[in-house]
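Each residue takes its place number in the sequence, starting with 1.
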Amino acid sequence: QGDLLQAKKAFGAYLRARTYPRFGYHWNQKEIDLSKAKAYLPKADDAVAKKFTRVFANKPWTVQFDGEIDWAATPTEGEGYAADWNTILNRHIHFTDLARAYWFSGREEYTEALAEQWVHWIRSNLRPLIKSGNVPPDGNYAWQTLSTGVRLASIWPECWFRCAGSASLADEDLALI
């Protein structure tokens, strides 16, 4: 009692031992299939390198982050595009590329990057306590209602169920996520 580290370890063991619920697949039934992995590896490799390309108005916008990702970044020109670029970054669409690349290749580098980015995002974007997150000045659209729904309805569950068995997701990470 009172040992938070031991509690996280026990919670991680409990989560990994469960067989239900499932999200269409379960981390202990990973499907190594390099022919399927090829579809996800290029985008996953970019996500590992923290390189993100989005197309707006038929123009690609690529940003390469050195070190930590700036989840508030709006690196496009013009007011109409800035929020969209950031909104897509905060929906974590690239997380699915990392999770699927791991699922089909078995390469831990993808879950290492996923865990690092996931934990960094959570710690960098604390949940708003009083506001919805839809309106600045609270910042980077991280808690915009639609983006939150996209993350929680599909992206985060898929990533969690594909990667929870990976050694790269520590017990502390599982408890935080």
Go through the steps to decide whether W156 and W121 satisfy the test ring-ring contact (aromatic ring centres under 6.0 Å, His included), and finish with yes or no.
CA-CA 12 Å; W156 282 20; W121 184 89; 5.7 Å; yes
What heavy-atom pair brings C159 and T96 nearest, and what distance separates the two atoms?
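In this case the closest contact between C159 and T96 is SG-N, 3.8 Å.
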Report the distance from atom [atom1] of [X] to atom [atom2] of [Y], rounding to the nearest 0.5 Å.
X    : Y    : atom1 : atom2 : value
L15  : L174 : CG    : CG    : 6.0 Å
Q6   : D171 : CD    : CG    : 9.5 Å
W118 : H92  : CH2   : NE2   : 9.5 Å
C163 : E158 : SG    : CD    : 9.0 Å
D173 : K8   : CG    : NZ    : 9.5 Å

Among all residues two or more places apart in sequence or in another chain, which pass the side-chain hydrogen bond (donor to acceptor under 3.5 Å, both in side chains) test with Q117?
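Result, side-chain hydrogen bond (donor to acceptor under 3.5 Å, both in side chains) vs Q117: H94.
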Spell out, as yes or no, whether a donor-acceptor pair under 3.5 Å connects the side chain of [X] to the backbone of [Y].
X   : Y    : value
N86 : A73  : yes
R16 : A164 : yes
Q64 : A49  : yes
N90 : W71  : yes

Is there side-chain contact between [X] and [Y], with at least one heavy-atom pair below 4.5 Å?
X    : Y    : result
V150 : I155 : yes
R162 : Y110 : no
V63  : L89  : no
R91  : L146 : yes
I177 : L169 : yes
T62  : F52  : no
F95  : W160 : no

Using the side chain to side chain donor-acceptor pair (under 3.5 Å) rule, take S168 and E108 through it: C-alpha gap first, then chi angles, then the decisive distance, then the call.
CA-CA 7 Å; S168 298; E108 285 290 328; 2.6 Å; yes
According to a hydrophobic-cluster definition based on side-chain heavy atoms being under 4.5 Å apart (Ile, Leu, Val, Met, Phe, Trp, Tyr only), do [X] and [Y] belong together?
X    : Y    : answer
L4   : V119 : no
L98  : L34  : no
L176 : L152 : yes

Tell me, which pairs form a salt bridge (Lys or Arg N to Asp or Glu O under 4.0 Å) where one or both residues lie in residues 43-54, sequence neighbours left out?
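For residues 43-54: K50-E116.
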Qualifying salt bridge (Lys or Arg N to Asp or Glu O under 4.0 Å) pairs, either residue in residues 62-74, two or more places apart
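The answer is none; no pair qualifies.
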Show, in sequence, the C-alpha distance, side-chain angles and deciding distance for W143 and N125, and conclude whether the side-chain contact (heavy atoms from CB on, under 4.5 Å) test is met.
CA-CA 8 Å; W143 287 100; N125 295 286; 4.0 Å; yes
Ion pair check, K9 and E172, cut-off under 4.0 Å
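No, K9 and E172 are not salt-bridged.
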